[in-house]
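Because the structure is predicted, anything quoted here is derived from the model rather than measured.
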Amino acid sequence: MGTLSSFSFSLTSSNWCRFEEKFQSRTKCFLCGDSLLKRRRRRLVSQGYQLGRLNFVIRSCYNGENNRNGDSSSSSSGGSSTGERESKEKSNLATMTPAEKNSDDNGDDSPASVSSRPPAISQVGPAYSNFQVDSFKLMELLGPERVDPADVKVIKDKLFGYSTFWVTREEPFGDLGEGILFLGNLRGKREDVFEKLQSQLTEIMGDKYNLFMVEEPNSEGEDPRGGPRVSFGMLRKEVSEPGQTTLWQYVIAFLLFLLTIGSSVELGIASQINRLPPEVVKYFTDPNAIEPPDMKLLFPFVESALPLAYGVLGVQLFHEVGHILAAFPRKVKLSIPYFIPNITLGSFGAITQFKSILPDRKAKVDISLAGPFAGAALSFSMFLVGLLLSSNPSVAEDLVKVPSTLFQGSLLLGLISRAVLGYTAMHASTVSIHPLVIAGWCGLTASAFNLLPVGCLDGGRAMQGAFGKNALVASGLATYTLLGLGVLGGPLSLPWGLYVLICQRAPEKPCLNDVTEVGTWRKAVFATAITLVVMTLLPVWDELAEELGIGLVTSL
């Protein structure tokens, strides 16, 4: 017969729920392979265990053959340890009721908790080693810091009450259930109650926890005072607040910025396609071209490409300045921007993270929209000035020729170009335009992409703040569908959709006050911006282009 070697460790009450869920989710014992019995806390209490300091005995199962070939010291101490176990079993059985004794005799068919009786030894099944036990302990230690149960009791007694919020039950809160969500009945105006609770929590607990006011999950009705029912969630500060920017993140951001400079210069060189050497043009336009040309031929065009590169980079930097100016009055910290290079637009924009918890949904909308609005304002100014300069004969030597079909890539920008340049200029095979037109076009397209209401983009954050998380889910599905079908963005729809799926898929975390509405005018501004985004990213098909006079449409 195999020998039982015991490993004993203790679990605090805050870790008990996670421990219990992991064991209940299994169908076989991770020690010996036998089927598990259902565990109930009342059985543990009846056997004398305390949930605040619960001692579990984990036994590893070895078959008889491995044990006979194993260490002889374990068998020598087996007699004394077996006697101690038998005495403990007798004492536990003496405290059990007859019903509980019968339930133990029923085997796997009866629900039972962790029994003090040793389990049956299985001749087959994996052994549970010291390394596995230590790994399990390490996972518990490395998990997120949970709310202290003693603090929960103090907060329920001193923070909540008849005049603020009457707690009826509690649930896990947070991504991993590391917090506590208090559900109950609100006893006043939600904004006033939340402000009062925040100040009182600081007096009671200091800076240990953050308090969130969120909509009650799975609520069956609205609050009698109007609006959704609210609940209050509590998380430890080190869990809820974003981490500091590391050195590697600074290095990655710097390398991405260098790549963005290179892609912007490349865009400036490509815009001079009518001036480039024929072998270079053939290499970039002919799919059958294999041997690359001498890149030294591009050096004379770098200087003339810099103005366009400055324009593209200026738009992206102005975008980030808009975020900073909107975040500073609200004392919201932002991360360094991670620019995303793109050879078609020069840059897809930048990923900017919140490094502090947002106070409310108004701040989320304002900060999110400030960046794209600032970048779009500068881009539109460049685009409009470039169109006006394109019709000025005095700057003819600075103009570049582009295919007229380029203007069919955007319904809104194509209509504006048609209105400024006229029908005759737009119906030639090529159109002479100033480089500012290209810089403004790329900036407006990048700003429109970032305003799409999906994921953690600026538009997704604004949608979540203005209309709620459910609206973001619906708009995200619609946006993914339009991008997948190529309806928005044309050839750039697929790479942009992949970028969002990889980097910006998850929605933004909730604000401290995630319930108070943002107001009608913010919703109206954002809805207008979404309309302009769709018109900017919507390509013009040939029939409509011929009717509107945008580009030269050739019919085969």
Side-chain angles (χ1 to χ4, degrees), residues 256 260 263 267 312 315-316 319 337-353 364-365 368-369 371-373 375-376 379-380 383 405-415 438 440-508 526-545 550-551:
L256 287 175
T260 303
S263 62
L267 176 63
V312 173
V315 170
Q316 301 305 324
H319 180 117
Y338 301 89
F339 290 95
I340 308 300
N342 180 262
I343 59 175
T344 304
L345 299 177
S347 175
F348 264 150
I351 301 175
T352 305
Q353 302 171 336
K364 180 181 291 186
V365 173
S368 300
L369 293 182
F373 281 7
S379 300
F380 185 75
F383 178 72
T405 54
L406 174 68
F407 295 92
Q408 297 179 17
S410 170
L411 176 60
L412 178 61
L413 302 183
L415 288 174
I438 301 176
W441 186 295
C442 294
L444 286 170
T445 304
S447 299
F449 271 125
N450 280 274
L451 269 175
L452 287 175
V454 58
C456 205
L457 297 175
D458 291 328
R461 292 169 173 172
M463 174 63 76
Q464 184 179 358
F467 298 98
K469 194 171 183 178
N470 293 332
L472 175 61
V473 173
S475 64
L477 292 176
T479 303
Y480 281 129
T481 302
L482 295 177
L483 289 174
L485 297 175
V487 177
L488 296 178
L492 293 174
S493 60
L494 181 58
W496 180 259
L498 293 176
Y499 159 70
V500 175
L501 281 174
I502 296 173
C503 301
Q504 301 277 55
R505 176 180 56 192
E508 189 59 51
F526 179 64
T528 304
I530 293 297
T531 303
L532 295 176
V533 164
V534 173
M535 294 182 64
T536 301
L537 298 179
L538 185 65
V540 185
W541 56 94
D542 291 344
E543 293 79 3
L544 182 61
I550 301 176

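The two residues Leu345 and Val312 make their nearest non-hydrogen contact at O-CG1, 3.7 Å. Here the closest non-hydrogen pair linking Val315 and Gly375 is CG1-O, 3.7 Å. Shown here for Lys469 and Pro507, the closest heavy-atom pair between the two residues is CE-CG, 3.9 Å. Taking every heavy atom of both residues into account, Asn450 and Leu457 meet most closely at O-CB, 3.6 Å. Across Trp441 and Gly409, no two heavy atoms sit closer than the pair CZ2-C, 4.3 Å. Nearest approach of Gly486 to Ser493, heavy atoms of both residues: CA-OG, 3.5 Å.
Under the side chain to side chain contact (heavy atoms under 4.5 Å, CB included) criterion, Ile343 pairs with Glu266, sequence neighbours left out. Contacts of Leu485 classified as side chain to side chain contact (heavy atoms under 4.5 Å, CB included), with partners at least two apart in sequence or in another chain: Thr481, Val487.
In terms of modelled atom types and a separation under 3.5 Å, the side chain of Ser263 and the main chain of Pro341 share no donor-acceptor contact. Looking at Ser368, its side chain never comes within 3.5 Å of a backbone N or O of Arg461 through a donor-acceptor pair. Listed for the Gln464 side chain is a donor-acceptor partner under 3.5 Å among the backbone atoms of Glu508.
Taking CG from Leu412 and CG from Leu444, the interatomic distance works out to 8.0 Å, rounded to the nearest 0.5 Å. With rounding to the nearest 0.5 angstrom, the OG1 atom of Thr479 is 7.5 Å from the CG atom of Leu488. Note that the CG atom of Leu406 and the CG atom of Leu413 stand 10.0 Å from one another [nearest 0.5 Å]. In this structure, CG in Leu411 is found 5.0 Å from CG in Leu415, a value given to the nearest 0.5 Å.
Residue pairs that meet the ring-ring contact (aromatic ring centres under 6.0 Å, His included) test with at least one member in residues 478-497, sequence neighbours left out, are Phe348-Trp496, Phe449-Trp496, Trp496-Tyr499.
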(message) Quick one, His319 with Asp458, criterion side chain to side chain donor-acceptor pair (under 3.5 Å). Give me CA distance, side-chain angles, the key distance, then yes/no.
(response) CA-CA 11 Å; His319 180 117; Asp458 291 328; 3.1 Å; yes
(request) List the steps, then state whether side chain to side chain contact (heavy atoms under 4.5 Å, CB included) holds for Thr260 with Ile340. (result) CA-CA 7 Å; Thr260 303; Ile340 308 300; over 6 Å; no
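Residues Pro453 and Ile530 are in side-chain contact: their nearest non-hydrogen atoms beyond the backbone lie under 4.5 Å apart. The side-chain heavy atoms of Leu267 and Cys442, taken from C-beta on, include a pair separated by under 4.5 Å. Within the 4.5 Å cutoff, the side chain of Leu494 has no heavy atoms near those of the Leu483 side chain. Between Ser447 and Phe373 there is no side-chain heavy-atom pair separated by less than 4.5 Å. Side-chain contact between Phe526 and Leu369: present, with at least one pair of heavy atoms (C-beta onward) separated by less than 4.5 Å. Counting heavy atoms from C-beta on, the side chains of Leu537 and Leu482 never come closer than 4.5 Å. You'll find the side chain of Pro372 reaches within 4.5 Å of the side chain of Leu451, heavy atoms only.
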